[in-house]
Undergrad: 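One structure, as structure tokens, below. Some questions next.
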Amino acid sequence: MRYLPLTDADRSSMLATIGVDSVDALFRDVPDHAKLPGKIAGLPDHKGELEVERHLSRLAAKNVTASSVPFFVGAGAYKHHVPASVDQILLRGEFLTSYTPYQPEVTQGTLQYLFEFQTQVALLTGMDVANASMYDGATGTAEAVLMAARVNKRNKVILSGGLHPHYREVVETTCGIMGMDIRAQAPDWKNAEDLSALLDAETACVVVQTPSLFGHLRDFTALCDAAHAKGVMVIVVVTEVVSLGLLPSPGSMGADIVVCEGQSIGNGLNFGGPYVGLFATRDKYVRQMPGRLCGQTVDADGKRGFVLTLSTREQHIRREKATSNICTNSGLCALAFTIHLSLLGEQGLVQLARINHANAVTLADKLSAVKGVSVVNDGFFNEFTVKLPKKAAKVVSKLAAKDILAGVPVSRLYPDVEGLDDLLLVAATEINSVEDMDALVRGLEEVL
């Protein structure tokens with residue numbers, strides 16, 4: 001047994017030291033009516049380590065893993081191939097044991113890879129400056145909204161109907177408690193919303209996404225022009241960062257802040273986390289950017305070195321000057337991103353993006369040939385929405401029973417919105433073979 005519990009003598013000694021005669025005395029402030037009279041019904045007694053391992057193994061065996069069956073699930077988290085070299089480099093002790101740089105200049109290696117990470121993110125997004133990572137795309141979006149409110153001192157926020165609803169919920173939770181006026185638009189699965197008409201002198205920012213939740217490709221140049229004419233900041237969200245290897249950057253459209261989920265590069269699905277948020281903005285807003293910023297300089301001997309240029313957390317600076325309470329960065333996840341992108345290189349990323357798009361086009365053509373199935377998108381990257389003749393959730397369940405993970409029913413993301421039951425989000429990345437696609441087609445033909 002790796003875990004050795006305390007003996008009765010150990011407990012008695014500890015209780016005597018703190019001046020009580022029993023463990024129950026530690027809970028004396030809890031009223032008797034709130035205490036359970038005995039064991040909780042239905043919960044088993046404790047077990048040994050071997051029994052626990054066997055039980056957990058039986059539970060794990062019920063899962064169908066993404067790598068073991070045809071897999072077309074996306075909606076903000078994507079299955080990509082991560083080279084074995086990424087994890088091998090991550091396992092180096094210098095990286096694996098490194099934590100947030102409280103004495104930053106001592107950890108030159110950490111500062112250097114964060115500097116390289118920032119450079120990569122700025123280039124990908126087409127922005128001037130990027131920070132040293134956020135927790136994930138959703139919390140990064142909330143931080144971006146708070147930043148926009150600090151910059152223009154306004155209170156109203158417009159959220160696109162193409163924004164992932166989980167991102168919307170995080171913004172509503174984080175910014176709503178600050179008293180901000182959050183205006184979330186209806187799900188825009190037809191790609192028809194006009195956000196320019198909603199902007200006014202009270203609007204702090206408008207938050208949009210490309211590709212949208214429904215896979216639509218969107219050019220926000222006109223929206224950025226209209227927003228800037230009214231002093232409104234534009235926040236562009238990208239949940240599939242591989243798309244930036246092929247599509248125009250948000251910075252080229254005029255975005256003020258860009259937030260991405262970086263999971264697709266270097267990081268596996270990992271049952272939903274941890275992930276890594278990318279955050280980039282314009283030079284003029286750098287003092288309002290959350291997180292930390294690493295910079296390059298030279299030492300007294302003229303040798304290249306790295307420094308923590310900007311830190312916005314109240315632990316590091318005066319509380320009234322802080323712009324964020326983010327307490328760390330997703331260090332290993334950010335490093336995995338940097339390693340993978342470095343291995344790919346610019347041309348490799350472009351090629352990866354092209355393969356993703358080509359696979360998605362092939363899949364869309366195959367699905368369109370199935371009776372009753374139609375693709376609603378005019379254009380897409382590696383994810384699109386299909387309309388089915390039956391409820392998508394039931395179709396997905398039937399296909400899962402055939403060991404085919406077909407995608408994400410829109411109704412799962414919007415359970416309280418009517419009219420979306422027959423919509424299915426389908427993603428195809430470089431991992432999907434033609435055989436996988438044919439299996440999905442055959443499965444749909446059987447269950448529809």
Side-chain angles (χ1 to χ4, degrees), residues 60 63-90 124 136-137 164 211 213-215 217 238-247 260-276 333 336-345 347-368 370 375 377 380-386 396 399-400 402-409 424-444:
N63 289 330
V64 178
T65 62
S67 300
S68 62
V69 297
F71 184 84
F72 302 94
V73 179
Y78 300 92
K79 174 66 175 173
H80 290 281
H81 172 67
V82 179
S85 50
V86 173
D87 283 343
Q88 188 61 38
I89 296 173
L90 282 178
L124 276 174
D136 53 38
H164 197 296
L213 169 72
F214 302 96
L217 306 183
V238 180
T239 61
E240 172 51 291
V241 69
V242 173
S243 68
L244 295 179
L246 196 58
L247 302 177
C260 308
E261 175 51 67
Q263 171 269 322
S264 289
I265 298 180
N267 293 272
L269 290 173
N270 298 331
F271 298 96
Y275 287 170
V276 54
C333 297
F337 177 97
T338 296
I339 294 169
H340 192 183
L341 195 53
S342 298
L343 292 171
L344 283 170
Q347 291 304 312
L349 177 63
V350 171
Q351 180 65 12
L352 176 62
R354 290 188 183 279
I355 294 171
N356 272 251
H357 178 59
N359 279 0
V361 169
T362 299
L363 179 60
D365 289 343
K366 287 177 176 290
L367 293 179
S368 297
V370 178
V375 176
N377 305 66
F380 51 85
F381 173 62
N382 68 356
E383 186 170 24
F384 50 88
T385 303
V386 295
V396 166
L399 290 173
K402 298 176 178 289
D403 285 338
I404 300 171
L405 301 183
V408 178
L424 177 67
L425 303 180
V426 181
T429 70
E430 74 280 2
I431 70 162
N432 295 113
S433 65
V434 174
E435 291 76 16
D436 290 339
M437 301 180 197
D438 289 341
L440 176 59
V441 169
R442 289 193 301 271
L444 277 173

Undergrad: Test of understanding: with ring pair (Phe, Tyr, Trp, His ring centres under 6.0 Å), list the residues that count as partners of Phe384, not counting sequence neighbours.
TA: Phe380
Undergrad: According to side chain to side chain donor-acceptor pair (under 3.5 Å), who are the partners of Glu261, at least two apart in sequence or on a separate chain?
TA: none
Undergrad: Once side chain to side chain donor-acceptor pair (under 3.5 Å) is applied, do any residues pair with Asp136, and if so which ones, sequence neighbours excluded?
TA: Thr139
Undergrad: Leu269 versus Gln263: any side-chain heavy-atom pair under 4.5 Å?
TA: yes
Undergrad: Leu244 and Leu124: which non-hydrogen atoms are nearest, and at how many Å?
TA: CD1-O, 3.8 Å
Undergrad: Any idea which heavy atoms bring Ala336 and Leu90 closest together, and the distance?
TA: CB-CD1, 3.8 Å
Undergrad: Less than 4.5 Å apart, any side-chain heavy atom of His80 and any of Ile265?
TA: no
Undergrad: Checking the side chain of Asn382 only, and the main-chain atoms of Ala427 only, is there a donor and an acceptor separated by less than 3.5 Å?
TA: no
Undergrad: Apply side-chain contact (heavy atoms from CB on, under 4.5 Å) to residues Leu363 and Val426 and explain how you reach the verdict.
TA: CA-CA 9 Å; Leu363 179 60; Val426 181; 3.5 Å; yes
Undergrad: Which residues satisfy the side chain to side chain donor-acceptor pair (under 3.5 Å) test with Asn270, sequence neighbours excluded?
TA: none
Undergrad: Looking at side-chain heavy atoms only, is the closest gap between Leu440 and Lys366 below 4.5 Å?
TA: no
Undergrad: Does the Asn432 side chain pair with the main chain of Thr429, one donor and one acceptor, at a distance under 3.5 Å?
TA: yes
Undergrad: Looking at every non-hydrogen atom in both residues, tell me the closest pair between Ala353 and Leu246 and how far apart they are.
TA: CB-CB, 3.7 Å
Undergrad: Can you see which heavy atom on Val408 is nearest to which on Ala75, and at what distance?
TA: CG2-CB, 3.9 Å
Undergrad: Checking His340 side chain against Pro83 main chain: does a donor-acceptor pair fall under 3.5 Å?
TA: no
Undergrad: To the nearest 0.5 angstrom, please state how far the CZ atom of Arg442 sits from the CD1 atom of Ile404.
TA: 7.5 Å
Undergrad: Taking only residues two or more places apart in sequence, or in another chain, which ones meet His357 in a ring pair (Phe, Tyr, Trp, His ring centres under 6.0 Å)?
TA: none
Undergrad: Please report the shortest heavy-atom distance between Asn267 and Cys333, naming the atom on each side.
TA: ND2-O, 3.2 Å
Undergrad: Keeping the roles fixed (side chain from Asp436, backbone from Ser433), state whether a donor-acceptor pair exists under 3.5 Å.
TA: yes
Undergrad: Side chains of Leu352 and His81, heavy atoms from C-beta outward: is any pair under 4.5 Å?
TA: no
Undergrad: Take Ser85 and Ile339, measure what side-chain contact (heavy atoms from CB on, under 4.5 Å) needs, and give me the verdict at the end.
TA: CA-CA 9 Å; Ser85 50; Ile339 294 169; 5.7 Å; no
Undergrad: How about Lys79 and Ser67: do any of their side-chain heavy atoms sit closer than 4.5 Å?
TA: yes
Undergrad: What residues, two or more places apart in sequence or in another chain, satisfy ring pair (Phe, Tyr, Trp, His ring centres under 6.0 Å) together with Tyr78?
TA: none
Undergrad: Can any side-chain N or O of Asn377 pair as donor or acceptor with the backbone N or O of Thr385 at less than 3.5 Å?
TA: yes
Undergrad: Can you give me the closest heavy-atom contact between Ala364 and Val375, atom names plus distance?
TA: O-CG2, 3.9 Å
Undergrad: Could you go through the side-chain contact (heavy atoms from CB on, under 4.5 Å) check for Leu399 and Leu405 one step at a time?
TA: CA-CA 7 Å; Leu399 290 173; Leu405 301 183; over 6 Å; no
Undergrad: If I take atom CG from residue Leu343 and atom CG from residue Leu349, how far apart are they, to the nearest 0.5 angstrom?
TA: 12.5 Å
